[in-house]
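For reference, the structure discussed in these notes is given below.
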Amino acid sequence: MAKPQDFNTHVTPTWCPGCGNFGLWQGFKESLSELGLEPHQIAMVFDIGCCGNGVNWHNLYGFHSLHGRTVPVAEAIKMANHNLKVIAASGDGGGYGEGGNHFLHGCRMNFDITLLIHNNQIYGLTTGQASPTTDTGMETKTTPSGQLEQPFHPLQVAIPQGASFVARTFAGDIKHCKEIFKQAIEHKGFSLVDVLQPCITWNKVNTFQWYKERIYKLEDENWNTKDKDAALIKAGEWGEKIPIGVLYVGDQSSYESQLPQIKDKSLVEQGVTSGDISEFLEEFK
Amino acid sequence: MPKNSNIFTLKIGGEAGQGQQVAGLTFAKACARGGLYTYDYSEYPSRIRGGLVTYQISVGPEPVYAAYYDVNLMICLSKLSFDHCKNELVSGAVVFYDSDKFKIEQSELPKDKNIKLYPLPLATIVKEATLKPITTNSIAIGAVAAMLDFNIELLNSMMRDIFASKGKEVIDMNIKAIKTGFDYATQNSNPKEFKYDLKTKPEKSAKGGPASGGKDKVVITANEAVVLGSIAAGCKFMSAYPMTPASSILHYAAKWAERSGMIVKQPEDEISAIHMAIGAGYAGVRSMTCTSGGGFALMAEGVALAALTETPVVIAESQRPGPATGLPTWGGQEDLRFIANVGHGDFIRIVLAPGDAKEAMFLTPWAFNLAEKYQVPVVILLDKFISEGHESVDELVTTNVKIDRGKILTQEQLDKIKDYKRYELTADGISSRAFPGMKGGVHIANSDEHDEHGFTIEAFDAEMRIKQQDRRYKKLPSIIKELPKPRFYGSKSAKTTLIGWGSVKGAVLEAMKALPADKFNFIHFTAVAPIDAEEVKKLIKGSKKLWLIESNKTGQFGDLLKENLNIEFDNKILKYTGIPFFPEELIEKLK
Ligand SMILES: Cc1ncc(C[n+]2csc(CCOP(=O)(O)OP(=O)(O)O)c2C)c(N)n1
Ligand code: SF4
Ligand SMILES: [Mg+2]
C-alpha cells in the first residue's frame with residue numbers, strides 16, 4: 001500500500017515556507033494513502049498558479065493544464081477512462097475566475113471528479129492581485145483603494161448549480177483536510193472542496209489566525225448533509241463565523257455512469273480499432 | 001440533354017421552413033439511385049422562418065464536382081425567390097410558381113430567353129387530390145419529374161425509405177403526391193417542349209417493371225464524410241459546441257454515438273470542447289472537436305496546450321466568412337492564415353484541407369494518424385461549400401483504414417523500462433506515450449516547458465529548453481514527407497497553372513471539362529500547412545504562368561506559398577462574396 005510519502009517526487013516544493021499549501025498537501029497525500037490508492041491510479045489535472053506548481057512534487061499522473069482549464073480536461077479523462085480517480089486542483093483565480101464557466105457547468109454535469117480549490121483569496125503566483133474571492137474592501141495590487149466587488153461564494157453557487165458533493169476545509173487543519181478529501185474522492189459525482197488556504201506572502205488579511213478565529217466544524221453540530229435548502233443558507237455564512245465540513249451530498253447519478261458506450265469497458269480498454277461505417281452509409285443512399 | 005452541356009440544374013426557392021433542402025436532397029438521391037451524378041448547393045439566411053432559401057442541384061451522367069450557376073428548371077415557392085434568381089434562368093428554362101400564393105407576370109421574365117412560366121397552384125392541388133399540405137414538396141418534385149421524363153419509381157422508392165418509420169399511410173400519401181404533381185405538370189405544361197430529360201438506368205427492372213435503381217452511390221457532404229472517417233479511424237470521443245457550418249459534424253456524431261460507440265459531448269463552450277478533446281487524447285483515446293472560425297478563435301490556447309504537452313488532437317474547422325460573426329450561413333476560405341499560425345509560441349501546425357467529401361473521408365483517418373504518430377494537433381479545414389454541399393460519389397471506401405498510433409507503450413514494454421521518460425530526447429523527436437493508469441508510466445504532461453520526465457524547467461536550464469524545442473521540431477521533416485501531396489490535374493504543357501486548395505477544386509475541375517487542355521492546368525493542395533516547398537518547386541517547374549484561386553480577399557494561401565518559396569503570381573482569382581465559385585464564371589475568366 002502506498003504511504004503518504006510515496007506521493008512525493010524528488011522535487012522540493014517551491015512554495016513559500018509557511019504557506020498554507022503545505023498542510024493541504026499533507027492532508028491530501030494522507031487521504032490518498034488511506035484510500036489505498038497507488039500513484040498510477042490517479043490522474044490529476046493542475047491549474048497554473050502556486051497551486052498548479054504543485055504538479056512537480058505530486059507523484060501521480062499529473063497533467064499541468066492552462067490557467068482556468070482543469071475541469072474540462074478532468075471531465076474528459078473520466079469519460080475516457082472511468083477506472084481512474086480523477087482530481088482537478090486549482091487556485092481561486094483559475095477555478096472561479098478564468099475557469100468560472102467550466103466550474104458553473106461542471107457542477108451540473110456532475111462527472112465523478114473531485115475539484116480541490118486552493119482558495120487563498122488572492123492571486124499568489126502573479127504577486128498579489130485581487131481574486132474572485134477577495135473580500136470587499138481589501139487592498140491588493142490591483143485594488144489599491146480597496147476591492148469594490150462582492151466576493152464569489154463558491155459553495156453557494158455549487159449547491160443549486162447541481163454539484164453533488166460540496167465541502168469546505170481549512171489548510172491549517174491537516175486531519176480535517178484528510179477526512180474531507182477522502183469523502184470527496186470516494187463520492188461518485190462532482191465533488192467541490194473549497195480549501196481555505198492562507199497565502200502568507202500576499203494576503204496579510206486572511207491569515208491562519210484570521211481563519212482560526214472564525215471557523216467551526218459542521219460535523220460537531222451533527223449537520224444534515226442531505227438538507228439542500230439548509231446547506232444553501234449555510235454556504236452563505238461568511239465573516240464572523242465560517243463553517244467548514246461537508247455541507248451537502250446529493251444522490252444524482254454521475255454523468256459518465258449513464259453512458260451506454262462505456263457500460264462494459266472504458267474507452268481506453270476498448271482500444272483503437274477501425275469502426276465499421278457500412279450501416280451509416282445506408283443513410284446516404 | 002442540351003447539346004453544349006450535359007449538366008442540368010434545378011433550383012427550388014422559397015422561405016426558410018418550407019423544406020426545399022429536404023425535397024432537393026430527395027431528388028438528389030433518386031438521381032443517384034438512377035445512376036446519375038449530382039452536386040448541390042443551398043443558400044439560406046441566419047433565421048429559422050421566412051426570408052429566402054434556395055436549393056440548387058446540378059445533375060449529369062458523369063461525376064459533377066460543383067453546382068452550376070445557370071438554372072434550367074426553377075420551382076418558386078415565394079415571389080422573392082423568383083425576383084432573386086430570375087437572372088440565373090437560361091434560354092429555354094421553365095419556371096413553376098405557386099400561383100395560389102403569388103403571381104408572376106410574363107413581363108417580369110428576362111427578355112429573349114424563351115422562358116416558359118407555369119402556375120403550380122399547390123394548395124388547390126392538395127385540396128383537389130385530398131392530400132395534406134405537408135406533401136407540397138412531393139407534389140413539386142413530381143412536377144419536376146414530369147418535365148424531365150424522370151423515372152418516377154425512383155422517387156417512390158425514396159419515399160418508402162424516408163418514411164419507413166412513419167408507416168404505410170404516410171408513404172402512400174407521398175407517393176400519391178408525386179404522381180399528382182407529375183400528372184398536373186404533364187397536363188398543364190408542355191414537358192415535350194422542355195429540352196432536358198434525365199435518363200436514368202436501368203430503365204427497367206429485371207422483371208420488366210419500372211426499376212427502383214441501384215444503391216451503389218452515396219450522396220454526401222464533407223461534414224458527413226468527416227464523421228464517417230473519424231469512426232473508421234477509431235475515434236471514440238468528440239466534444240464540440242455548435243456553430244454553422246460545422247454543426248452537422250456534431251449532429252451526425254451524436255445521432256450515431258450509441259451505435260458507433262463514440263462518446264459525443266456538447267460542453268459549455270469551445271474552450272471546454274478543445275480541452276475535453278485534449279483530456280481524452282491524453283488518457284489514450286482518439287478524440288476530436290469541430291467548430292467554425294469564431295469557435296476556433298476560442299480554441300487557440302488549447303491548440304498550444306496540445307502542442308507543448310504533445311497530446312494528439314484533431315480539430316475539424318469549417319469556415320464561413322468573417323471577421324467576427326461575419327456571414328454565418330455562407331462560405332469562404334478566410335481562416336487559413338489564422339489557423340496556420342494559431343496559438344502562441346513556435347510549434348508545428350498541421351492543416352489538411354479536403355476539396356470534397358471523398359477527400360474528407362480519407363484525410364480524416366490520415367489526420368488521426370498524423371496526430372497520434374507525431375503527437376501534434378491537426379486541423380481538418382473545411383468550408384460551408386463542401387460542408388453542406390452534397391455530392392454523389394461512387395461508394396466510399398469503408399475498409400483498409402490503416403491505424404497508426406505511433407509510439408505507444410504497452411504495459412509489458414513499460415514493465416521493462418526502469419526510468420520512463422515521457423519527453424525523452426530521441427533521434428526522430430518522437431518520445432513514447434504511456435497512459436494514466438499504467439504502472440511505471442507516471443509522468444507530468446506539462447504545459448510548462450519541461451525536462452525529459454515532464455518536470456517544469458526554467459531558462460536557467462536553457463540547454464534543456466533548447467533540446468526540447470529542437471526535439472519537437474525534429475518531427476517536421478518526417479511530417480512533411482507523410483503529408484498528402486498536392487495533386488496535379490491537366491496537361492503539363494498548358495499555358496497557365498492554376499493553384500488552389502480545399503473547396504475551389506470542384507468548380508475548377510468542372511471548368512476544366514469545358515475548356516481546351518492547353519488553356520490551363522491545376523495544382524490542388526490538400527495539405528496547406530506545413531508547406532512542402534521542394535514538392536511545390538517540382539510541380540511548378542514547367543509552369544509558364546501562375547494563377548492563384550481562393551475564396552478570400554487577400555490570397556492567403558498565395559501568401560503562405562510566397563513565404564515558403566518566394567514565388568509571384570501573374571494573376572489572382574479571388575472571390576469573397578460568401579458564394580462559391582461557379583464553373584461558368586471560371587470558364588469565362590480562364591478561356
Ligand atoms: C491565460 C492566462 N492568463 C494569465 C496568466 C497568469 N497567471 C498565472 S497564475 C494566475 C492567477 C493565480 O491565482 P490563483 O489561480 O488563485 O492561484 P494561486 O497562485 O493563488 O494558487 C495568473 C493570472 C496565465 N498563466 N494564463
Ligand atoms: S505566494 Fe502565497 S500561495 Fe503562493 S506559495 Fe507563497 S504563500 Fe503560498
Ligand atoms: Mg489564489
Side-chain angles (χ1 to χ4, degrees), chain A residues 9-11 38-43 45-46 48 53 55-56 58-66 68-69 71-81 83-84 86 101-102 104-106 109 255-256 259-262 267-268 270-285, chain B residues 29 32-33 215 217-220 224 228 231-234 236-237 239 256-263 265 267-269 271-272 275-280 282-287 301-302 305 309 395-396 398 401 403 405 435-448 454-456:
Chain A
T9 67
H10 71 277
V11 177
E38 302 284 334
H40 70 274
Q41 296 169 326
I42 304 160
V45 186
F46 291 78
I48 300 300
N53 279 348
V55 72
N56 290 290
H58 281 67
N59 184 37
L60 36 72
Y61 276 95
F63 187 98
H64 200 184
S65 192
L66 299 179
R69 314 297 172 222
V71 170
V73 176
E75 289 166 337
I77 295 172
K78 192 70 192 180
M79 281 187 265
N81 187 352
N83 301 318
L84 295 165
V86 182
N101 205 25
H102 311 313
L104 210 55
H105 297 279
M109 287 176 196
Y255 186 100
E256 77 287 348
L259 292 171
Q261 291 90 335
I262 51 174
L267 291 184
V268 170
Q270 291 172 33
V272 174
T273 52
S274 181
D276 182 7
I277 60 169
S278 48
E279 72 167 299
F280 306 120
L281 273 177
E282 288 306 308
E283 287 188 32
F284 303 103
K285 291 178 175 174
Chain B
K29 287 184 183 173
R33 287 181 181 192
K215 287 197 184 177
K217 287 190 188 61
V218 290
V219 180
I220 195 164
E224 292 152 357
L228 292 169
I231 294 170
K236 280 285 169 68
F237 186 89
S239 43
W256 295 332
E258 292 191 15
R259 283 189 282 158
S260 69
M262 192 188 290
I263 292 180
K265 178 83 183 85
E268 60 276 14
D269 55 31
I271 304 176
S272 184
H275 285 85
M276 282 192 176
I278 289 170
Y282 159 73
V285 306
R286 285 195 158 185
S287 61
E301 60 170 54
L305 173 66
T309 57
E395 184 80 87
L396 290 171
T398 59
V401 172
I403 288 173
R405 302 197 69 191
F435 301 126
M438 293 171 84
K439 274 192 192 151
V442 166
H443 66 271
I444 303 170
N446 205 339
S447 77
D448 275 310
F455 289 107
T456 302

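Chain naming here is simple, since letters A, B, ... match the order of the sequence lines and numbering starts at 1 in each.
- For A:Phe46, no part sits under 4.5 Å from any heavy atom of chain B, backbone or side chain.
- There is no contact between A:Asn83 and chain B, counting heavy-atom distances below 4.5 Å.
- When heavy atoms are compared at a cutoff of 4.5 Å, A:Leu259 approaches chain B solely by way of its side chain, counted from C-beta outward.
- Residue A:Ile42: no heavy atom, backbone or side chain, is found under 4.5 Å from chain B.
- Partners of B:Lys215 under the salt bridge (charged side-chain N to carboxylate O under 4.0 Å, His left out) rule, at least two apart in sequence or in another chain, are B:Asp161.
- Across B:Ser287, B:Pro267, B:Ala277, B:Ala257, the residue that shares the most heavy-atom pairs under 4.5 angstrom with chain A is B:Ala257.
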Problem set entry | Test side-chain contact (heavy atoms from CB on, under 4.5 Å) applied to B:His275 and A:His102, step by step | CA-CA 11 Å; B:His275 285 85; A:His102 311 313; 5.7 Å; no
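- Of the residues considered (B:Ala32, B:Ala445, B:Gly454), B:Ala445 shows the highest number of contacts with chain A, using heavy-atom pairs under 4.5 Å.
- Counting heavy-atom pairs under 4.5 Å between each of A:Lys78, A:Glu38, A:His58, A:Met79 and chain B puts A:Met79 at the top.
- Here the CD atom belonging to A:Glu279 is positioned 9.5 Å from the CH2 atom belonging to B:Trp256, to the nearest 0.5 angstrom.
- Contact count versus chain B (heavy atoms, under 4.5 Å) is highest, among A:Val268, A:Asn56, A:Val73, for A:Asn56.
- A:Tyr61 places no side-chain N or O within 3.5 Å of a backbone atom of B:His443 that could act as its donor or acceptor partner.
- Remark: A:His40 pairs with no residue by the ring-ring contact (aromatic ring centres under 6.0 Å, His included) rule, at least two apart or across chains.
- At a threshold of 4.0 Å, the pair A:Glu283-B:Arg259 counts as salt-bridged, since one of the basic side-chain nitrogens sits closer than that to a carboxylate oxygen.
- To the nearest 0.5 Å, the span separating OG on B:Ser239 from CD on A:Glu75 amounts to 10.0 Å.
- Taken to the nearest 0.5 Å, the CD1 atom of B:Ile231 stands 9.5 Å off from the CG atom of A:Asp276.
- Contact count against chain B (heavy-atom pairs under 4.5 Å) is highest for A:Gly62 among A:Ala80, A:Gly62, A:Gly106, A:Ala74.
- Using a 4.5 Å cut-off on side-chain heavy atoms (C-beta onward), A:Gln261 and B:Glu258 make contact.
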For this session: Verify side-chain contact (heavy atoms from CB on, under 4.5 Å) between B:Arg405 and A:Val272, making sure each step is shown before the conclusion.
Result: CA-CA 9 Å; B:Arg405 302 197 69 191; A:Val272 174; 3.3 Å; yes
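- Top candidate by heavy-atom pairs under 4.5 Å with chain B, chosen from A:Ile262, A:Val11, A:Val71, A:Leu60, is A:Leu60.
- Within the 4.5 angstrom heavy-atom criterion, only side-chain atoms of B:Thr309, from C-beta onward, approach chain A.
- When the candidates B:Gly279, B:Pro436, B:Ser447 are compared by the number of heavy-atom contacts under 4.5 Å with chain A, B:Pro436 comes out ahead.
- Contact check on B:Glu301 versus A:Arg69 returns a salt bridge, with a Lys/Arg side-chain nitrogen under 4.0 Å from an Asp/Glu carboxylate oxygen.
- The two atoms that bring A:Ala76 and B:Phe237 nearest to each other are CB-CZ, 4.0 Å, heavy atoms only.
- Annotation: the span from B:Ile263 atom CD1 to A:Leu267 atom CG amounts to 4.0 Å, rounded to 0.5 Å.
- By number of non-hydrogen pairs under 4.5 angstrom with chain A, the leading residue of B:Met438, B:Lys217, B:Met262 is B:Met438.
- In this structure, the portion of A:Ile48 lying under 4.5 Å from any heavy atom of chain B is its side chain and not its backbone.
- The greatest number of non-hydrogen atom pairs below 4.5 Å with chain A, out of B:Leu228, B:Ile220, B:Ile278, is found for B:Leu228.
- In this structure, CD1 on A:Ile77 lies 5.5 Å from OH on B:Tyr282, to the nearest 0.5 angstrom.
- Atoms CD1 and CG, on B:Ile444 and A:Asn59 in that order, are 9.0 Å from each other to the nearest 0.5 Å.
- Side-chain N or O atoms of A:Ser274 include none that pairs as donor or acceptor with a backbone N or O of B:Gly234 at under 3.5 Å.
- In this structure, the portions of A:Ser65 lying under 4.5 Å from any heavy atom of chain B include both its backbone and its side chain.
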